Each structure stands twice: as C-alpha cells, then as structure tokens.
Amino acid sequence: MINVLFMAPQKSWAAYKTELPAAIAEVGVTAHVSPDIPDEEVDYIVYGPKDTGTDFTAYPRLKAVLGLWAGVESIVGNETLTVPLARMVDPGLANGMVEWVTGHVLRHHLGMDAHIVNPDHLWAPSPPPLARNRRVTILGLGELGTACGTALARLGFDVTGWSRTPRSVPDLRCLAGPSELETAIDGAEILVLLLPLTPETENTLDAPRLARLSPGAVVLNPGRGALVDDTALLAALESGQVGHATLDTFRTEPLPADHPYWQNDQVTVTPHIASATRPDTASVVIAENLRRAIDGAPLLHLVDRSRGY
Ligand code: NDP
C-alpha cells in the first residue's frame, strides 16, 4: 500500500477523487489517495498548486512528484525538491490545445471578425487566401506544438516549427536552436508561442523579432505570458506591425483590470483556458507513472531540472 497525497486546489480534488483511485486500481497498484495524509506517511505527491512555495523536505518518505500541469516553471527551481519530477503529458491536454490554436488561427486566417461584427452591413467581398498560402510559425515543437503544427498542416497551412534540438515532423519545416530562430520568424503571418517558460525562453518575442514578422501579423500566445515582451508587443500593435494578438497567458494572472491588453481592440484575451488537464485522461497518466515507480521502471515525462522543462 502506498500513500498518494493529492496536493491541488480543493475543486480539483472533486474532479479527481473518483477517476484517480479508479485509474490507479486499474493498473494493479494498491494506494490510499487523499488530499489529507500526514506528512511523514506521504510516498508520492500529485501536484497542482498555483503557488510556488511548497517545502518538500516536510515529506521524508517522498519518492516522486507527479505534476498535474504541462508547464513546470513554478516548481522546477524548488531546491527542496530532490526526488524525480514528472510533468503532465495528457492526450486531452493536446486535443484541447489543438482546438484552441486551430480555432484562433482560422479566425484570423479567414478574417471572420469583419463578418461577425459588421454594424454598417457592408458588402465588401475580400476572399481569404488558401491555407497553403498562409505562413504559420510555431515556436516550440514539443507535445503541444507538434500536435498543433500537424493539425494546421493537415488543413493545408504552410507551417514552420522551431525547437531547441532538431526535430523532424512530417509536413512541417523544422528549424532549431538560436541560430535558426530569426529564420523561423521571418515573414510569419501567424505566430504561435508554445514554448515552456525558462530563463532561455523569457522574452523570446521581443521588439527585433516582432519586426521580422509579416506586417500586420497575428500573434497567438497560449504558452506563457513572459515569453513575450509586453511593451514591445503593445508598440507593435500600435504601429500596425502586429495586426492582432490573441493571448491566453500573462505575466500576472488573472490579468489585472487596468492592464492595457484589456483596453486594446486589437487584443483578444482568453483567461488561460487554451487547454486544461482532463481528469479522465490525466488520471491514466498518473496511474501509469505510479505503476512504473513501484516496478522500478523509468517514469514517463520526467522533467530535466537542468533544462528547466
Ligand atoms: P514540451 O516540453 O513537450 O515542448 C517544449 C518545446 O519547446 C520543445 O520543442 C522544446 O525543444 C522547445 N524549447 C524549450 N526550450 C527552448 C529553447 N530555449 N529554444 C528553443 N526551443 C525550446 O512542452 P509542451 O508542448 O507539453 O507544452 C509547452 C508549453 O505550453 C508548456 O510549458 C506550458 O507553458 C504551455 N501550456 C499552456 C496551456 C494553456 O492552457 N495555456 C496548457 C498546457 C501547456 P526540444 O523539442 O528540443 O526539447
């Protein structure tokens, strides 16, 4: 019998309290799963708090931490954490992100806004180009960037992806490393940010790089707010270099009421809903990792603490 501490907001427990024990039983592991286990009896932590300050030294028996989120920037630098850390890679998470990215790319590609909000009833036909003539760049070719890039390529978009190490994804032009970032961005009409937030990726989208986009380009940021230099983006929106930004993630969340993004007609704010971990599919991932931990097998989706993701 292992003790699994569910450390996440109370409302998450309501979503997991049936699915997670059932998934763990399904892989043949006997576990007590609860948000309320004495510190000295905790073997594993399923981790999903929004704050950063957990002291893991309080759990002397702790063997691994299994994250509920794909992004780990709030925990990866925690020096009290000395056991393996796995992050969430969940088919439901990828499905949701594909839907959000594809939906917002199509909105801008097709120029839907002009027809949805047309108070003067203008009849002004301006057919959009075909997807094959629309250049989309995705920064980050991991689980989510690859799924989104593949979906967009299937729709016919001309997709370039960029990662830290070289990748090969069918139907995508794949570039990698700092030396190819500018090439990846040059002339992009729709730019999607799906990088993790690390010291290397902070402010990836700065003024010089915004200037390399196709004039009037669209920026989608479902990655993390701090990937973007906000001042530079607001200036690029003001000048018209960026035509619209659809932002799902921000340096401060919730986005403060007086933030200029709320006031800007060229900015669409979505409240960090691009994709969520789904309890049914995520429970299966956590259960499989507990099984592996008990069998002494390598955990899935381990975070490389030195890389930061
Ligand atoms: P992965 O770790 O699978 O992929 C990350 C990608 O970014 C990889 O291709 C990686 O390169 C690349 N990368 C990392 N650092 C660099 C760098 N310095 N230079 C170039 N490329 C780099 O992450 P996921 O795809 O699962 O998730 C991506 C991010 O999406 C998460 O970290 C999170 O911030 C965000 N997210 C947002 C959600 C939302 O609702 N808004 C929901 C879920 C996630 P390489 O392939 O070489 O390793």
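Since the structure is predicted, the reported quantities are computational estimates derived from the model, not experimental observations. Values below: every heavy atom of this structure, side chains too, minus hydrogens, waters and symmetry copies. When a ligand or atom number is given, it counts from 1 through the structure's own listing order.
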Smallest separation among heavy atoms of D229 and D206, with atom names: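 Where D229 meets D206 most closely, the heavy atoms are CB-CA, 4.0 Å.
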Out of the candidates V192, D248, L227, only one should pair with N221 under the side chain to side chain contact (heavy atoms under 4.5 Å, CB included) rule; please name it.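 One option only clears the test, and that one is L227.
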Any side-chain donor paired with an acceptor under 3.5 Å for [X] and [Y]?
{"X": "Y47", "Y": "T54", "result": "yes"}
{"X": "R224", "Y": "T201", "result": "no"}
{"X": "T281", "Y": "D90", "result": "yes"}
{"X": "H108", "Y": "T246", "result": "yes"}

Is there a heavy atom of [X] sitting under 4.0 angstrom from any atom of ligand 1?
{"X": "W162", "value": "yes"}
{"X": "T249", "value": "yes"}
{"X": "V89", "value": "no"}

Which residue from [options] reaches closest to [atom] through any of its heavy atoms?
{"atom": "atom 32 (O) of ligand 1", "options": "P196, G223, A276, P271", "answer": "P196"}
{"atom": "atom 16 (C) of ligand 1", "options": "R307, H272, M88, R164", "answer": "R164"}
{"atom": "atom 22 (C) of ligand 1", "options": "D248, L195, L247, L93", "answer": "L195"}
{"atom": "atom 23 (O) of ligand 1", "options": "R167, E202, R87", "answer": "R87"}

Among protein heavy atoms, which lies nearest [atom], and at what distance?
{"atom": "atom 9 (O) of ligand 1", "answer": "L141 N, 2.9 Å"}
{"atom": "atom 38 (C) of ligand 1", "answer": "M97 CE, 3.5 Å"}
{"atom": "atom 47 (O) of ligand 1", "answer": "T165 OG1, 2.5 Å"}
{"atom": "atom 10 (C) of ligand 1", "answer": "Y309 OH, 3.6 Å"}
{"atom": "atom 4 (O) of ligand 1", "answer": "G142 CA, 3.1 Å"}
{"atom": "atom 28 (C) of ligand 1", "answer": "L194 O, 3.5 Å"}
{"atom": "atom 37 (C) of ligand 1", "answer": "P222 O, 3.0 Å"}
{"atom": "atom 42 (C) of ligand 1", "answer": "S275 O, 3.6 Å"}

Under-4.0 Å heavy-atom contact with ligand 1, by part of L144 that carries it: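 Under 4.0 Å from ligand 1, L144 contributes backbone and side-chain atoms.
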Please work out, at 4.0 Å between heavy atoms, whether the side chain, the backbone, both, or neither of E143 comes within that distance of ligand 1. both
What atoms of ligand 1 come within less than 4.0 Å of a heavy atom belonging to G140? 6 (C), 7 (O), 9 (O)
Heavy-atom contacts with A70 under 4.0 Å: which atoms of ligand 1 show up? List them by number with element. 43 (C), 44 (C)
Check whether any side-chain heavy atom of T249 sits under 4.5 Å from a side-chain heavy atom of L197, and report yes or no. no
Can you confirm whether Y44 sits close enough to I294 that some side-chain heavy atom of one is under 4.5 Å from a side-chain heavy atom of the other? yes
Look at E182 together with R209 and state whether they make a salt bridge at an N to O cut-off of under 4.0 Å.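 Result for this pair is yes, salt bridge flagged.
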Strictly under 6.0 Å, is that where the ring centroids of F250 and H259 end up? no
Would you give the length of the straight line joining atom CG of L139 to atom CG of L175, rounded to the nearest 0.5 angstrom?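 So the gap between those two atoms works out to 10.0 Å.
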